[in-house]
K.L.:
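For reference, the structure I am asking about is given below.
Counting starts at 1 for both ligands and their atoms, in listed order.
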Amino acid sequence: MGNSKYLDGLTADEYKALTKKLWTIQNHKCFICGEEIDLDLNPTNIDHIKPLVTGGKDDESNFALAHENCNKSKQDADLVVARAMAKLSKIIKGAEDKHETPSLKHVLASNGGSQFCFTYKIVNDKLSYAFSQTGDDTIRTSEIFYDKLSKEKTAFIQVPLQYLYHDEIINPRGINSSIGLLIKEFHKGNPQLHISLARLDENKIKIFDGQHKAVAQIMLGTKELIVRLFLDTDVDRMIETNTTAGSKLKQIAFDKSIVRQLHDTLYSERIKKYQTDHNLDEDDFSFSEANLVDHFKGERGSIRTYIINSQKNLITKNSDNKLQSYINFEGRGSELPLSYSTFEKTLLSRFINAKTILSTPLDFRADEGLNPRILEKEQLVQLCNILAEELLIGRYSTETGTYRIENKVAEGKDKDITDDHLAAYRIFKEEIMYNWIQYIELLIKNFFSMTGELYNDQNLFQIKFPDQLWTNIRSFVRNLRDLPLWKDRSMASTVFGGKQVYDYWNTAFRTGKTPDGTLVLSKPINVVDMIK
Ligand SMILES: [Zn+2]
């Protein structure tokens with residue numbers, strides 16, 4: 001498009017004829033989105049499938065027809081990659097519409113996967129199997145390898161998608177569009193270096209590691225994947241191994257929020273074990289966090305950590321949490337304003353009661369809606385929602401994103417950046433959020449001091465907030481948002497250029513001036529004024 005000598009040389013009639021020809025070859029479908037093109041109604045473009053800059057030819061064999069809109073908003077210059085990413089975006093959106101975390105599960109479901117159980121037998125340390133349900137009765141055999149140290153038995157096999165499932169227990173990770181890099185990599189023809197891991201669970205082959213690479217290849221049209229299949233593995237131990245691999249051993253980039261979710265599983269496992277050990281019914285929660293800590297004293301993993309991480313996970317991944325879709329869980333990409341690490345360091349760590357393990361029963365006052373952990377979870381979700389509603393929804397554009405925002409503003413290339421977007425981006429910078437979140441804590445404490453409620457530093461969110469307190473919090477967030485400095489574009493290269501230390505903004509909020517003397521507020525932030 002635009003740089004094609006071939007297309008530029010065509011007359012209007014010839015261009016029209018080529019459009020018609022491609023449209024027929026493509027079965028009337030857009031190359032990128034795969035939806036119908038109506039040549040009378042939809043504006044279209046002819047574009048190179050493989051871009052000229054990467055060696056694509058400027059002739060008919062390398063042309064495709066797409067909706068003009070699809071071509072404008074394509075996510076990669078290479079149309080095959082763009083098509084894979086457009087398909088993936090659709091799958092992600094479909095999962096999100098159902099309030100589910102998009103994962104390999106959804107990608108398999110959309111590509112004919114996860115239909116059949118694995119039929120196999122083991123004779124003399126050989127695995128024999130057939131994928132008969134796909135119409136292929138070939139008997140295949142694979143060597144079974146035995147690892148003396150771990151006692152794990154594994155085989156390497158190539159499995160059609162129909163026989164593959166996503167392991168939601170060991171790998172609850174979601175996927176997002178940052179998978180684009182992997183799609184590009186595989187499109188180049190580069191191989192998967194670390195193959196996906198799977199386990200046999202009641203005759204189902206479940207992938208528990210390498211799901212991003214699996215997704216990327218499936219989006220490019222792969223119909224079977226090579227996996228290392230664990231034949232008889234202990235799920236608990238695999239969860240632990242996988243968690244440690246990500247955190248302590250640092251073998252793979254592992255996002256912290258997933259460690260939270262795994263610990264969540266570990267926590268519920270311990271609760272079940274406690275009930276079994278004490279002959280309690282599974283709906284009997286008459287024991288406390290302190291009892292659990294006591295009972296599992298000798299354990300390697302700390303039950304205390306499991307409890308807190310479980311709570312963090314329940315809040316972060318709560319389907320009611322409107323802030324969730326603005327949190328970047330992968331630690332890279334530049335679409336979303338809030339990294340999980342920032343979210344954890346500012347809001348979660350400040351407001352979750354992590355120091356005091358509760359000695360009240362797990363179900364204490366649950367029937368009155370006053371259970372401390374449940375209140376803590378629900379009220380923190382409510383706080384997240386206020387932040388999302390007042391600062392982000394309809395204001396922050398993921399399309400504009402965060403990439404080099406302040407540079408663009410400083411250079412005057414900021415036509416597309418709205419005031420609301422700029423304000424949201426700045427307010428959620430870690431060193432800034434870390435400081436304003438303290439005012440929220442202060443205003444809650446002030447409120448309880450006035451009403452005479454007994455609180456301590458740790459349990460603020462475990463006490464039920466009256467409506468008036470919620471109104472105050474919302475007013476504060478709104479007033480914070482409306483401070484002129486967030487929209488001040490002249491500060492892009494100074495105050496907002498680069499990362500400042502936490503204390504920089506502490507000083508700015510307390511005095512109105514930054515440590516280097518720049519006036520950023522007309523007066524210091526006063527929480528009493530800010531709730532009016
Ligand atoms: Zn299209």
Side-chain angles (χ1 to χ4, degrees), residues 1-4 6-8 10 12-98 100 102 104 106-113 161 175-188 215-223 325 333-335 397-401 416:
M1 242 189 79
N3 58 0
S4 169
Y6 184 99
L7 294 177
D8 289 347
L10 299 180
D13 280 345
E14 285 167 338
Y15 191 92
K16 220 174 160 184
L18 180 59
T19 299
K20 189 82 186 279
K21 186 172 170 189
L22 293 169
W23 181 70
T24 311
I25 293 171
Q26 292 171 207
N27 279 323
H28 312 171
K29 303 275 192 322
C30 166
F31 189 86
I32 296 173
C33 74
E35 303 288 337
E36 188 91 30
I37 291 179
D38 185 319
L39 289 178
D40 299 324
L41 303 176
N42 304 130
T44 56
N45 281 141
I46 299 175
D47 197 359
H48 296 110
I49 298 174
K50 184 173 182 177
L52 298 183
V53 288
T54 56
K57 287 187 191 151
D58 192 20
D59 67 30
E60 277 189 31
S61 67
N62 189 36
F63 284 134
L65 185 71
H67 291 115
E68 190 179 276
N69 286 323
C70 288
N71 203 42
K72 267 190 203 154
S73 59
K74 67 188 171 194
Q75 298 172 66
D76 197 82
D78 189 303
L79 291 198
V80 175
V81 174
R83 176 171 61 189
M85 287 165 83
K87 260 198 232 164
L88 181 62
S89 302
K90 229 191 249 177
I91 296 173
I92 290 177
K93 184 158 185 310
E96 283 170 353
D97 286 347
K98 285 189 282 180
E100 290 175 13
L104 174 62
H106 303 93
V107 171
L108 282 168
S110 317
N111 286 277
L161 300 186
I175 49 167
N176 61 28
S177 42
S178 69
I179 224 159
L181 286 174
L182 287 171
I183 294 181
K184 272 188 184 175
E185 196 62 16
F186 287 119
H187 180 54
K188 278 190 218 159
V215 165
Q217 291 172 84
I218 296 170
M219 295 325 296
L220 286 168
T222 295
K223 300 285 179 227
S325 50
S334 54
E335 289 170 6
S397 149
T398 48
E399 209 164 295
T400 308
D416 307 340

K.L.:
At their closest point, which heavy atom of Asp76 faces which heavy atom of Met85, and how far apart are they?
P.N.:
CB-SD, 4.4 Å
K.L.:
Could you check whether Glu185 pairs with Lys188 (Lys NZ or Arg NE/NH1/NH2 to Asp/Glu carboxylate O, under 4.0 Å)?
P.N.:
yes
K.L.:
Under 2.8 Å from the Zn ion (ligand 1), which protein atoms of type N, O or S occur, listed by chain and number?
P.N.:
Cys30 SG, Cys33 SG, His67 ND1, Cys70 SG
K.L.:
Shortest non-hydrogen contact from Ser89 to Gln75?
P.N.:
OG-NE2, 3.0 Å
K.L.:
When the side chains of residues 28-41 are checked against the rest of the protein, which donor-acceptor pairs come out under 3.5 Å, sequence neighbours left out?
P.N.:
unit_1, atom_1, unit_2, atom_2, d
Glu35, OE2, Lys90, NZ, 2.8
Asp38, OD1, Asp40, N, 2.9
Asp38, OD1, Leu41, N, 3.4

K.L.:
Please list all pairs passing the salt bridge (Lys or Arg N to Asp or Glu O under 4.0 Å) test where one or both residues lie in residues 58-72, with sequence neighbours left out.
P.N.:
Lys21-Glu60, Glu68-Lys72
K.L.:
Kindly write out the residues that satisfy ring-ring contact (aromatic ring centres under 6.0 Å, His included) with Phe63, not counting sequence neighbours, or none if the list is empty.
P.N.:
Tyr6, His48
